[in-house]
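Single-structure report; data block below.
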Amino acid sequence: MTRRRAVAALAVALAVRASAVRAQPVIVPGRLEIGIGPQWTGHAALGSRNANETTGAGSPFTLFSSSTDLASATGLEARIGVRVLRRLEAEVVGSYATPSLVIQTSADSESAPGVAAKERLRQFTIHGAAVWYVPARRAGARTAPFVTAGVGYLRHVHEKDVLLAGGTVYEAGAGIKQLLVSRDRRRLKGVGVRADVRAVARAKGVAPDGGTHVSPAVTASLFVRF
Amino acid sequence: MIRSTSIALVCALSAWQAQPAFAYIKFGVPAGGRTVTLKWSQTPRYFVTTDTVPGVSAADFQGAVARAFATWEAVPTSTIAYQLAGTTSARPTEDDGSSVLGFLDRPDLDRVLAATDFVIDVTTGALIESDIFFNSAFQWSTAGEASRFDLQSIALHEIGHFSGLGHSALGETELREGGGRRVIAAQAVMFPIAYAAGSTEGRTLKADDIAGITDIYPTSDVNATLGSISGRVTKDGQPVLGAHVVAFDPSDGSMVGGFTLNNQGSFSIGSLSPGPHIVRVEPLDDADTDSFFSATARVELNFRVMFVDRVIVVPRGGDSGSVAIAVIGK
Ligand SMILES: [Zn+2]
């Protein structure tokens with residue numbers, strides 16, 4: 001398969017089988033894999049908070065309400081993995097996206113119109129992950145389903161390079177790799193595409209409640225194997 | 001000065017020039033051709049009188065006042081400290097170089113619970129003396145008794161003035177039949193109208209009070225750890241004087257208020273926690289404007305309450321950058 005075809009395959013669909021049919025090469029520990037591709041992360045509701053005043057009896061009087069969301073965003077994800085066992089790969093994964101922080105105000109006691117105030121953030125994550133290749137008889141010789149889980153560091157930065165907050169990112173999910181080109185005797189052993197779906201839990205960061213909030217994430221990437 | 005619940009009063013300090021400053025209003029005094037912030041340059045020493053009123057012994061009075069001073073001293077971001085010098089037979093309004101707190105029978109001031117006054121060196125602006133009187137024409141308590149005003153709460157407010165703070169507008173009121181206002185709720189000890197008799201809610205400083213005292217007496221690390229929001233409020237392209245601008249922090253629900261204090265419509269709200277904030281602007285309509293500004297100031301009240309439609313990020317140790325706010329007439 002040519003390089004052009006490999007790229008096209010990534011863009012169109014991951015389920016497309018490569019035309020060449022060769023046995024899946026045995027991947028020995030120590031093999032390196034590098035991948036990069038777009039990542040979409042769904043929105044996360046980061047909690048709500050009332051702007052309260054205090055009555056003479058000590059009870060709250062709500063001046064207005066607010067709820068905070070981190071909007072969905074498409075970014076870039078890059079990964080480098082090394083096969084540590086025949087079915088186990090260790091990865092270091094970095095991602096970058098620019099989600100909007102959205103704070104919605106409502107229920108103003110003096111009838112101020114609610115607004116959805118926004119500010120663009122830069123979100124960086126770096127985490128370590130384990131990828132376990134699941135034995136699957138029905139998968140083709142070049143197809144490798146896997147499950148993955150990881151943990152790492154999350155950093156939310158305001159556009160003006162003001163660090164807003166750091167936090168922790170946890171990810172777990174599953175995916176599939178499709179080898180498009182396999183060249184056992186060359187330095188570049190193969191080229192393929194990968195797709196995975198994960199649950200991404202972001203702890204702290206800009207979340208006003210300091211809690212952990214889960215979003216779906218989908219990644220498609222092109223990888224090369226050495 | 002703090003007003004009793006039902007009545008509007010003149011604040012003796014409102015005629016003073018407001019200082020373009022962070023949060024709340026801090027007092028500025030004219031001295032040597034310029035305006036300087038009213039503040040103590042040394043630890044203020046205060047005396048208490050031994051006069052009593054029904055329900056409050058001399059020991060009760062001293063204890064309540066001491067707790068109120070200690071509440072301000074406990075603000076971790078402020079260096080303010082006070083020293084009890086002892087008891088005195090002097091009246092709390094004498095200009096004798098001593099700061100005195102005590103009761104005074106002022107039935108003529110039937111809407112004044114308490115008031116604070118100052119003696120200032122007009123050449124340097126240095127604060128020399130500040131007295132606080134509590135009007136014994138009202139019923140007082142140090143134990144939160146119903147139908148009696150809580151001495152500690154009112155002392156906490158007056159000691160805010162004693163320390164250089166003006167009034168905050170973080171409160172909601174409604175007009176009462178027959179005049180005056182009733183407090184619905186407040187989120188600043190420095191709100192100019194007191195809670196109803198029997199309430200002890202005024203014993204606890206709020207974020208706005210803490211930001212205010214921090215701005216006047218900051219600890220050495222405040223400039224590096226806290227931040228500010230500044231900007232300008234206009235209406236039909238013209239600067240607005242007296243707009244109440246509130247910064248809301250959704251991480252803890254705290255609110256800190258400021259005002260547009262000059263002819264450019266500029267405001268600055270300081271001593272804020274870093275991070276995203278929501279900014280809300282409202283006219284100064286929950287208390288008489290002379291509780292905040294000089295009676296001759298042309299405070300703009302004819303505009304709608306609104307939120308700024310973007311998240312304002314307070315940088316650690318810095319300012320948000322100027323936030324332009326255009327309000328709309330009612
Ligand atoms: Zn007052």
Side-chain angles (χ1 to χ4, degrees), chain A residues 45-71 99-122 156-166 204-211, chain B residues 5 150 153 170-172 182-189 191 193-204 206 208 227 246-255 274-283 285-286 304-318 320-321 328:
Chain A
L46 303 184
S48 59
R49 185 83 69 179
N50 288 341
N52 284 338
E53 296 183 350
T54 308
T55 69
S59 54
F61 171 86
T62 300
L63 190 62
F64 63 89
S65 300
S66 78
S67 61
T68 304
D69 287 82
L70 199 58
S100 285
L101 181 70
V102 183
I103 304 178
Q104 175 81 48
T105 66
S106 61
D108 189 273
S109 65
E110 295 180 290
S111 305
V115 296
K118 292 181 184 175
E119 192 71 4
R120 187 64 65 89
L121 303 179
R122 292 190 288 153
H156 281 135
V157 180
H158 179 237
E159 278 182 331
K160 293 174 183 169
D161 289 332
V162 179
L163 172 63
L164 288 180
K204 295 187 179 176
V206 290
D209 60 1
Chain B
T5 47
D150 182 51
S153 298
L170 272 174
E172 313 307 313
R182 185 186 77 84
V183 175
I184 299 170
Q187 202 61 7
V189 161
F191 190 66
I193 306 175
Y195 286 125
S199 172
T200 57
E201 286 303 316
R203 293 183 180 186
T204 308
K206 302 294 196 277
D208 186 78
V246 176
F248 167 71
D249 183 347
S251 70
D252 60 6
S254 65
M255 289 183 281
H277 284 69
I278 285 289
V279 172
R280 181 179 186 268
V281 189
E282 63 175 357
D285 56 6
D286 281 301
R304 300 178 199 166
V305 184
M306 63 166 283
F307 292 98
V308 174
D309 64 358
R310 66 184 178 92
V311 176
I312 308 299
V313 175
V314 175
R316 187 180 299 278
S320 62
I328 300 167

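Just so we're on the same page: letters track the sequence lines, and every chain starts at 1.
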At their closest point, which heavy atom of [X] faces which heavy atom of [Y], and how far apart are they?
| X | Y | answer |
| --- | --- | --- |
| V305(B) | P113(A) | O-CD, 3.8 Å |
| R310(B) | A117(A) | C-CB, 3.4 Å |
| H158(A) | V313(B) | CD2-CG2, 3.5 Å |
| G56(A) | E201(B) | O-CG, 3.3 Å |
| Y195(B) | T55(A) | CE2-C, 3.6 Å |

Out of curiosity, [X] [atom1] to [Y] [atom2], how far, rounded to the nearest 0.5 Å?
| X | Y | atom1 | atom2 | value |
| --- | --- | --- | --- | --- |
| Q104(A) | F307(B) | CD | CZ | 10.0 Å |
| E110(A) | D285(B) | CD | CG | 6.0 Å |
| K118(A) | D309(B) | NZ | CG | 10.0 Å |

message = Under a 4.5 Å cutoff for heavy-atom pairs, which residue among G198(B), G171(B), A186(B) has the most contacts with chain A?
response = A186(B)

task = Kindly say whether P208(A) contributes a backbone atom to a donor-acceptor pair with the side chain of S251(B) at under 3.5 angstrom?
result = no

Interface moiety of [X] toward chain A, non-hydrogen atoms closer than 4.5 Å:
| X | answer |
| --- | --- |
| V308(B) | backbone |
| I278(B) | side chain |
| E282(B) | side chain |
| L170(B) | both |
| M255(B) | side chain |

note = Only residue of L101(A), I103(A), T105(A) satisfying side chain to side chain contact (heavy atoms under 4.5 Å, CB included) with P250(B) is I103(A)

query = Mind checking what makes side-chain contact (heavy atoms from CB on, under 4.5 Å) contact with K206(B), not counting sequence neighbours?
reply = T54(A), Q187(B), T204(B), D209(B)

Please tabulate, one pair per line, all N/O donor-acceptor pairs under 3.5 Å involving side-chain atoms of residues 63-70 of chain A, not counting sequence neighbours.
residue, atom, partner, partner atom, Å
S65(A), OG, N50(A), OD1, 2.9
S66(A), OG, R49(A), O, 2.8
D69(A), OD2, H43(A), NE2, 3.0

note = Turns out that what part of A116(A) lies under 4.5 Å from chain B's heavy atoms comes down to backbone

